[in-house]
> 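Let me give you the structure first, and then I'll get to my questions.
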There are 2 protein chains.
Amino acid sequence: MEFQKDGTSRTRKARGRPRDWHDKTAQNTIKSLDRAIEVFEHLSEAQGKPLSVIAEEMGQSPATVYRVLVTLETRGLVEFDSVEQVWFIGARAFVIGARFLRRTSLVDRARPILRKLMEATGETANLGIEKEGDVLFLSQVETHANIRAFFPPGSLSPMHSSGIGKAVLAFMDDDRLTRVLDAAAFEAFTEHTITTAEDLRADLDQTRVRGFAIDNEEKNVGMRCIAAPVFDMNSEVVAGISVSGPISRVAQDQADRLSRAVIDASRQLTQAIGGIAPALS
Amino acid sequence: MEFQKDGTSRTRKARGRPRDWHDKTAQNTIKSLDRAIEVFEHLSEAQGKPLSVIAEEMGQSPATVYRVLVTLETRGLVEFDSVEQVWFIGARAFVIGARFLRRTSLVDRARPILRKLMEATGETANLGIEKEGDVLFLSQVETHANIRAFFPPGSLSPMHSSGIGKAVLAFMDDDRLTRVLDAAAFEAFTEHTITTAEDLRADLDQTRVRGFAIDNEEKNVGMRCIAAPVFDMNSEVVAGISVSGPISRVAQDQADRLSRAVIDASRQLTQAIGGIAPALS
DNA sequence: TTGACTTTTTCATATTGTGAATTTATTTTT
DNA sequence: AAAAATAAATTCACAATATGAAAAAGTCAA
C-alpha cells in the first residue's frame, strides 16, 4: 500500500457535508466555551497566579473567571493551591493531553508537511531520525523533476555527512553529542566530507546560529541538502526534515528561499507532534 | 522554592473566603462548560470516532456535541480527520496539558538523571508520582533495546501493582498510606498481583528494608521493574524512579546491579530538588 | 439516479451565563 | 485589639446564548 496522495479519498465514507465548508462559515462555535478555553489557555501560559490577577490580565470579570476555574477544577483540569491561593494546570489535563500521542506517529504527522514542502520547493523532501549514531530515513516525498535525490525510507547514513544528521547533532545536548562524535568513523565519501570532530563541531556551531544545516556534496557529489531540526515536548531533537537535490537547483541564490521553507516545515512538524522549539541560547 | 507540601501555611496572604468551602456549595460551576468538558474527556478515552457515535455514546444531541467539538477544534484542543471523518485529541491539548509539569521543576531535574540511568542499566527509566491513589507517569527515557517496557507519560496505573507505586507507598506516612490502601481496589492484573492490603503491607515492609521496590510481573506478564523513592525537603516521598524491562534482562542475577543504579538515581534526584532522605528508622 | 445515511444549519425557546454590587473572610495597619 | 484594606465567593435580575428538533446539505453505494 502506501502512496495515497492527499485528497484522494479513495476509501469509504465521509458522508454529510464535508469538513472545510464549516471552516469558513463557522459561527457554530459556542461562545461561552470559547471564553472558557481562553481562560484555560491563559492559565497554562501564566500559572501560579491568583484569580484577581488572571482576571485582570485577561480583561475579564473576576466572577466569570472564577466560575470557569471552579468548573475546570471539579474536573481536575486545573488545580488550586489553597495555601498560596493560586491556580495551576491540573494533572487531568496532562493525562488527557497525553492521549494525543496515542494516535499517530511522527511519520504520519510528517507526510502532509513533507508533501507541502516538496511542492513549495520543487525538491525531494525527507524525514529522518537519529538511530544509534546514524541517520535513519523514515519517509520522503519525491520531486517531479527527472533528476532527483533519492534516499529510500529505511536506509541508514552516517550523521556527519548528512544534512539531517547535522541538523540533529547541532541541537543535541552536549553529552549525547560527545558520545556520538566519539563513536563516529568520519568516513570520507567525497572531497567535501567533513572528516574530523573539530571541523564538524565548527559546522554545527554555524548550523545552530543559522537554524538549518547544509550538506554541500558531503555524501554524494553533485547533491546539496538543506535540513532543519524537529523537537519534542521536552525540547529535545527527535528528527530532522530536509530537501535535497542537484547543486544546480539547490544553488546559492536559492538558499534563502529553500531554507525558509525547510525551517517552516520543521516548525510545523514540531508543532504537529506537540513539541516545543527550545529557547534560543 | 519548589515543593512546599500542602498544609504548610508558613507564607502570607490567602484572603477572602477560604477555599474548601465552595467545594461543598459549588453551584458556581458553569453547566455548559461542564458538559463540554465531558465531551472532551469522553473523546480522550475513545478517540477516532465520528460525531454520531460520540453523541450516541454520550446520550447527547449530535448538534450540541458537534458545536462543542467545532469550538474545541478552533482552539486546537481537538482535531478532525476529514478523510475518515473522525475526531481526536489535538496537539494543543497535549501542549497545554504538558504545562502541568512546569509547576515544579521535578521533571526538568529528573531528565538527565533518567537518561543516565537508562544508559547505565540499558533499560527504560521512568519517573512517576502519586496522584489521587494512582501512579501518574511523568517522564521516561526509553531504552534502545527492541523489546522494551513502555509507560507513556501521562498514563495512570494503580499503586499496588506498580514498582514506583510501591516505592512511594513504602515511604509514605501512615495516615496517607492507610487512606490510599482503604481506597484501593486491588485489581488483579496477573497471577502475581498483590491483592490484599495485608500482603501489600508485608511487601512494603520488605521494600522499606531493602530501600527499593520490585514489581515482579504484577501488572504485566513478563515485565519486571525496580523502583526507588524520591524525597522532598521535608523528607516526604514525592516521586519514584524506576527501570523496567523484560524479565529476561531484569533478572535475579542483575537485581544487585540494577537496584544500585536505581537507588543512586533516586538519591541524585532527591538531592537535585533539594530534598532530604529520611533518617532510617 | 435514487435511496440511505451523516453532518451542518436553522429556528424558536427557555435555560443559564453574565457583570455589578454585596457579602464574607483574611491580612495589614493604626 | 479594633478598624481599614484587600481579595475571594455569592447573589440577583436580565439579556444573552446554548439547546434540541427538525430541515437542509452533502456523500456514498447500488
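Each chain gets a letter, A, B and so on, in the order its sequence line appears, and its residues count up from 1.
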> How many Å lie between CG on B:L69 and C1' on C:dT8, as a whole number?
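About 13 Å, once rounded to whole Å.
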
> Output every pair passing ring pair (Phe, Tyr, Trp, His ring centres under 6.0 Å) with a member in residues 92-127 of chain A, not counting sequence neighbours, ordered by first then second residue.
A:F94-B:F100, A:F100-B:F94

> Please determine whether a side-chain nitrogen or oxygen atom of B:Y66 lies at a distance below 4.0 Å from atom OP1 or OP2 of C:dT8.
yes

> Assign each of A:L51 and B:V68 to its nearest nucleotide of DNA chain D by heavy atoms, then name whichever residue's nucleotide is nearer the 5' end.
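Taking each residue's closest nucleotide, the earlier one in sequence belongs to A:L51.
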
> Tell me which pairs pass salt bridge (Lys or Arg N to Asp or Glu O under 4.0 Å) where either residue lies in residues 44-58 of chain A, with sequence neighbours left out.
A:E45-B:R92, A:E45-B:R99, A:K49-A:E57

> What pairs with A:R103 under salt bridge (charged side-chain N to carboxylate O under 4.0 Å, His left out), at least two apart in sequence or on another chain?
B:E79

> What is the distance, to the nearest angstrom, from the CD1 atom on A:I54 to the C1' atom on D:dA8?
13 Å

> Under the ring-ring contact (aromatic ring centres under 6.0 Å, His included) rule, collect the residues that match up with A:F40, sequence neighbours excluded.
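By the ring-ring contact (aromatic ring centres under 6.0 Å, His included) rule, A:F40 matches no residue at all.
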
> Within this structure, what is the CD-to-P distance between B:E73 and C:dT8, rounded to whole angstrom?
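Taking atom P of C:dT8 as the reference, CD of B:E73 is at 9 Å.
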
> Taking only the side-chain nitrogens and oxygens of B:S52, find out if one of them lies under 4.0 Å from OP1 or OP2 of C:dT7.
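Indeed, a polar side-chain atom of B:S52 lies that close.
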
> Set out, line by line, the N/O atom pairs under 3.5 Å between protein and nucleotides 16-18 of chain D.
from   : atom 1 : to    : atom 2 : distance (Å)
D:dA18 : OP1    : A:S32 : N      : 2.9
D:dA18 : OP2    : A:K31 : N      : 2.9

> Test of understanding: with side chain to side chain contact (heavy atoms under 4.5 Å, CB included), list the residues that count as partners of B:R67, not counting sequence neighbours.
A:N28, A:I30, B:A63, B:T64

> Output the rounded distance in Å from CG (B:D34) to P (C:dT16).
12 Å

> Rounded to the nearest angstrom, tell me the gap between atom CH2 in B:W87 and atom P in C:dT7.
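Atom-to-atom, B:W87 to C:dT7, this comes out as 10 Å.
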
> Quickly work out the B:E84 CD to C:dT6 P distance and round it to whole Å.
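It works out to 15 Å between those atoms.
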
> Relative to the ring of B:F80, is the ring of B:W87 parallel (under 30°), tilted (30 to 60°) or perpendicular (over 60°)?
tilted

